[in-house]
> 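Starting off with a structure, shown below.
For this chain, numbers begin at 1 and follow the sequence in order. It should be emphasised that the depicted structure is a prediction, and the values quoted were computed from it without experimental measurement.
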Amino acid sequence: MTKINYNKIKAALAEKGITNKELADALKIAPETVSSWCTNTAQPSIKRLFDVATFLDVEAGELLVSWRKRNI
C-alpha cells in the first residue's frame, strides 16, 4: 500500500532552515508530534496547521499537498 502524503511541513521546515524541535518548542508540543507530521504518519488539526503556518510565515494552504497531486 502506498503512503499518502497530505502535508508539506517537512519541506517547509527545511526551506526555512528550522528544525522539528524548534517548531515543537514554539508550539509547546512534543518533538515527536512534529516528527509524525513530517512523516505524514499523523496530521495536525486545522488550528495547529494555522499555528505552523504562522510560525513559518507561510499561507496554510502552502503546507498542504494538492488533492490532484496526492499519491492515491
> How long is the straight-line distance from CG of Asn5 back to CG of Leu64, given to the nearest 0.5 Å?
12.0 Å
> Distance check, rounded to the nearest 0.5 Å: Asp25 atom CG versus Ile18 atom CD1?
12.0 Å
> Would you say Val58 ends up clustered with Val65 if hydrophobic residues are merged whenever their side chains have heavy atoms under 4.5 Å apart, either directly or through other cluster members?
no
> Please say yes or no: joined through hydrophobic side-chain contacts below 4.5 Å, possibly via intermediate residues, are Tyr6 and Trp37 part of one cluster?
no
> Nearest 0.5 Å, please: how far is CZ in Arg48 from OG1 in Thr54?
11.5 Å
> Distance from Leu27 atom CG to Thr33 atom OG1, nearest 0.5 Å?
10.0 Å
> Do Leu13 and Phe50 land in one hydrophobic cluster if side-chain heavy atoms of ILVMFWY residues count as linked below 4.5 Å?
no
> Got a donor-acceptor contact below 3.5 angstrom from the Asn7 side chain to the Cys38 backbone?
no
> Which pair of heavy atoms, one from Ala53 and one from Glu59, lies closest together, and at what distance?
CB-C, 4.1 Å
> Closest heavy-atom contact between Ala12 and Leu56?
CB-CD1, 3.8 Å
> I want to check something: taking the side chain as every heavy atom from C-beta on, are Leu23 and Val52 in contact at a cut-off of under 4.5 Å?
yes
> Under 6.0 Å from the NZ atom of Lys16, do we count more than 12 heavy atoms belonging to anything else shown?
yes
> If you draw a 6.0 Å radius around NZ in Lys8, do more than 12 non-hydrogen atoms from other residues or ligands fall strictly inside?
yes
> For the OG atom of Ser36 and the CD1 atom of Ile9, what is their distance to the nearest 0.5 Å?
9.0 Å
> Nearest 0.5 Å, please: how far is CG in Asp51 from CD1 in Ile46?
11.5 Å
> Verify, without hydrogens or angle tests, whether Ser35 (side chain) and Pro31 (backbone) share a donor-acceptor contact under 3.5 angstrom.
no
